[in-house]
Amino acid sequence: MIIAIDGPAASGKGTLARRLADHFGLRHLDTGLTYRAVAASLLANGKPLGDEAVAIEVAHNLDLAQMDKSVLSAHEIGEAASRIAVLGGLREELVELQRRFAQTPPGAVLDGRDIGTVVCPDATVKLFVTASPEARAKRRTDEMLSKGQEAVYASVLEDLKRRDERDSQRTVAPMKQADDAVLLDTTEMDIETAFQAAVDIVSRAREIA
Ligand code: CDP
């Protein structure tokens with residue numbers, strides 16, 4: 001079974017993906033971390049973000065087990081990740097890695113921007129998780145503050161909108177709801193309600209498959 005979860009920044013897709021993986025006994029990959037890991041390596045080595053040859057090489061040698069979410073979640077790494085995510089050759093390299101992960105038994109939950117459209121077009125079930133920009137900005141601000149980071153709601157909101165724009169307007173694998181994905185709008189839902197809704201959607205899809 002493969003569960004594909006896509007959606008914009010801070011929509012709650014990561015938490016849902018992790019909890020669905022636990023619930024259904026599947027492995028989980030946050031594909032955003034693969035873009036973040038490559039971006040972090042370029043930044044650490046003083047390489048320009050547009051240097052695709054270096055980015056591809058870093059991606060080729062990427063070890064999924066070594067990705068440290070707490071380090072990679074830094075705000076500037078997310079920003080750099082969305083900049084390098086426009087590079088077509090880099091995406092091909094990362095997509096190959098993500099597909100290998102997805103196809104290893106017993107199956108997996110992958111979350112990102114192009115899972116249902118490009119990485120796993122034949123997934124058992126596809127979810128597109130979204131929420132209003134204001135709800136997402138509030139969640140991201142609270143999350144940063146709870147980690148002791150500085151965060152100002154207005155600038156978090158502006159950053160989110162800019163990143164959504166970049167992710168949905170790029171020519172290669174733009175963020176987009178797949179035709180056969182189920183839309184889950186979590187604006188008015190807490191995480192528990194969203195999780196129950198997602199479990200229902202997956203259970204129904206599994207019965208049909
Ligand atoms: O957690 P958050 O939504 O802030 O970001 P993320 O999921 O870690 O992704 C960071 C950036 O990587 C996104 O803004 C996208 O540009 C890019 N990305 C992508 O292009 N394709 C994916 N499958 C996952 C992430």
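Read the numbers this way: they start at 1 and go in the same order the structure lists the ligands and their atoms.
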Considering only heavy atoms, does Ala10 approach ligand 1 within less than 4.0 Å through its side chain, its backbone, both, or neither? backbone
Quick note on ligand 1: atoms under 4.0 Å from a heavy atom of Gly112 include exactly 23 (N), 24 (C)
Applying the side chain to side chain donor-acceptor pair (under 3.5 Å) criterion to Asp142, which one of Arg139, Arg140, Lys138 satisfies it? Lys138
Taking both backbone and side-chain atoms of Asp111, is any N or O found less than 3.5 Å from an N or O belonging to ligand 1? no
Flag Thr31 as yes when one of its N or O atoms lies below 3.5 Å from any N or O atom of ligand 1, and as no otherwise. yes
Donor-acceptor pair, side chain of Glu93 and main chain of Glu57, under 3.5 angstrom: no
Once side chain to side chain donor-acceptor pair (under 3.5 Å) is applied, do any residues pair with Arg91, and if so which ones, sequence neighbours excluded? Tyr35, Asp114
Test your reading of the model: is there a side-chain donor-acceptor pair from Asp111 to the backbone of Ile5, 3.5 Å cut-off? no
Electrostatic pair Arg162:Asp159 at N-O distance under 4.0 angstrom: yes
With a heavy-atom distance limit of 4.0 Å, tell me whether Arg113 approaches ligand 1 through its side chain, its backbone, both, or neither. both
Below the 3.5 angstrom mark, is there an N/O of Gln98, backbone or side chain, next to an N/O of ligand 1? no
Quick check on contacts: which atoms of ligand 1 are under 4.0 angstrom from a heavy atom of Arg140? 1 (O), 2 (P), 4 (O)
Closest to atom 2 (P) of ligand 1 among Arg166, Arg83, Arg36 (heavy-atom distance): Arg36
May I ask you to list the atoms of ligand 1 that are less than 4.0 angstrom from any heavy atom of Ala85? 16 (O), 17 (C), 20 (O)
If you measure from NE2 on His75 to CE on Met144, what distance do you get to the nearest 0.5 Å? 6.0 Å
